[in-house]
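Side chains included, hydrogens not; waters and symmetry mates left out as well; all remaining heavy atoms used. Residue numbers begin at 1 in each chain, while the letters A, B, ... track the order of the sequences.
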Number of protein chains: 2
Amino acid sequence: MTNPGESTENQILIAAREVFIVKGFEGTRMQEIADHAGINKALLHYYFRSKEKLFEAVFSEVAANLFPAMRQLLEAELGIREKLTFFIKIYLKALHENPFIPSFVINTLNSNPESFLKYIKKAGIKPLLLQKQIDEEAARGVIRAIKAEHLVVNIIALCVFPFVARPIVQNIFEMNDEEYQAYLSARESEIIDFVLKSIQA
Amino acid sequence: MTNPGESTENQILIAAREVFIVKGFEGTRMQEIADHAGINKALLHYYFRSKEKLFEAVFSEVAANLFPAMRQLLEAELGIREKLTFFIKIYLKALHENPFIPSFVINTLNSNPESFLKYIKKAGIKPLLLQKQIDEEAARGVIRAIKAEHLVVNIIALCVFPFVARPIVQNIFEMNDEEYQAYLSARESEIIDFVLKSIQA
DNA sequence: TATAATTTTGACCGGTTGGTTAAATTATAA
DNA sequence: TTATAATTTAACCAACCGGTCAAAATTATA
């Protein structure tokens, strides 16, 4: 699977991402990353010095994208209902493109709870701005009053959960892979509907 | 931390559960479990033969409790709104008592997606029963129509997510541990409200 | 074309870790 | 009290795994 166009360093990053995201830091073997990248294992150390630094390179790429995207969505110049609808659409699209990211994030949180803190701080998400908008639109009767910390967590939970719990959901509701894909596709309108109805004035 | 009243085997199980649940299979060292249990490491093999069998003992205890409880709640002789309210209350109570279980489940799903299948099958959850009740009560105008596979996943997602994403949520919304505890406590009424409003006829 | 720099490799090292074992200790049964 | 069974332990083993290295190969530069 060597890609002649990519530099070796980049091939390593791609392979490392693929393996770390599924197996986590402890579960990943350097030899497996090397196999994925189609290179000798020593090269991993040549370019990244250690397993931990390689993981950090993968991790920081994930974390660096997570929160800025979230902030951008939350600060969009939109009415609250449109904003939430837009957030749900974009967030689900990102999840479809990278379905293992949520599990990776949760795994990393488990073994290193402070790992995301600097990326959160750097992204500069301003929850008070959203709360302000919610309060203003609740005062106008557009939606009911609700705390931002509940609303945002609810939306992300609804989006993320079917990806992290896929084997369980698929089995309980007896869906094959195709049916589950259809289910995931239906989630967009389902979540938008669920959320908008729940905050109706 | 040796407990004179407990058998050695049980002490091992308790310690193994504590460590495996937080660190997962790959991240756990047998010596650490032995240290937690206050015993010599060789005893782990004497009683459980291998790390994998010890993990399986812990895992099966978790899995054996997860789905039967869920089924019981879903088949309670209650109206749908009362049933969902009851489900949320009991589910959150269980999560407060075992806050690391969701992360453990997700970690285990990641490394072994088929691990829960036999426990799901054994629990015999009948989604069609719930769907039937939803359809009947929607026909009577008690709630709006909604697919069981969306409703159940939504509820579990809302309950579970603040536990698995705690460090991130805590940091984005700038809460200390005490404030987060209050936040978790508020989740019950928040989720009940959110869900019941979203399925209102 | 020669030399230098960079990249790559196979082989190896040392620490970690799951697992084993013989002996010692404790518990139980006869 | 003695024999046997169960439990426990310190020490050890072997495989695994992250990391290193000298040499070779390749690429770049003078």
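- Between Asn40(B) atom CG and dT26(C) atom P there is a gap of 15 Å when expressed in whole angstrom units.
- Distances shorter than 4.0 Å separate none of the side-chain N or O atoms of Thr8(A) from OP1 or OP2 on dT7(C).
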> Tell me, what's DNA chain D's dot-bracket, Watson-Crick or G-U with both distances under 3.5 Å, | for other-strand, [ ] crossing?
Replying inline: ||||||||||||||||||||||||||||||
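- Within the 6.0 Å centre-distance limit, the rings of Phe116(B) and Phe59(B) are counted as a close aromatic pair.
- Every residue two or more places apart in sequence or in another chain that forms a side chain to side chain donor-acceptor pair (under 3.5 Å) with Glu32(A) is listed here: Lys23(A).
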>> Set out, in order, the CA-CA distance, both residues' side-chain angles and the distance that settles side-chain contact (heavy atoms from CB on, under 4.5 Å) for Arg187(B) and Asn154(A), then state yes or no.
In response: CA-CA 10 Å; Arg187(B) 288 297 288 171; Asn154(A) 288 354; 2.7 Å; yes
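- When each of Ser115(B), Ser103(B), Pro113(B) is tested with Thr108(B) by the rule side chain to side chain contact (heavy atoms under 4.5 Å, CB included), just one qualifies, namely Ser115(B).
- Atom CD1 of Ile12(B) and atom C1' of dT8(D) are 11 Å apart (whole Å).
- Atom CD1 of Ile39(B) is separated from atom P of dT9(D) by 8 Å (rounded to the nearest Å).
- Between Glu136(A) and Lys132(A) there is a salt bridge, with a side-chain nitrogen of the basic residue lying less than 4.0 Å from a carboxylate oxygen of the acidic one.
- Checked by atom type, the side-chain pair Gln181(B)/Asp177(B) shows no donor-acceptor distance below 3.5 Å.
- Nearest to the side-chain atoms of Arg29(A) among the listed nucleotides dC17(D), dT9(C), dG18(C) stands dC17(D).
- The neighbour count for Glu26(A) CD, taken as heavy atoms of other residues, nucleotides or ligands under 6.0 Å away, is above 12.
- Contacts between residues 41-51 of chain B and DNA chain D, counted as heavy-atom distances below 4.0 Å, involve Ala42(B), Leu43(B), Tyr46(B), Tyr47(B).
- By the neighbour-count criterion of 12 heavy atoms within 6.0 Å, atom NZ of Lys147(A) is sparsely surrounded, having that number or fewer from other residues, nucleotides or ligands.
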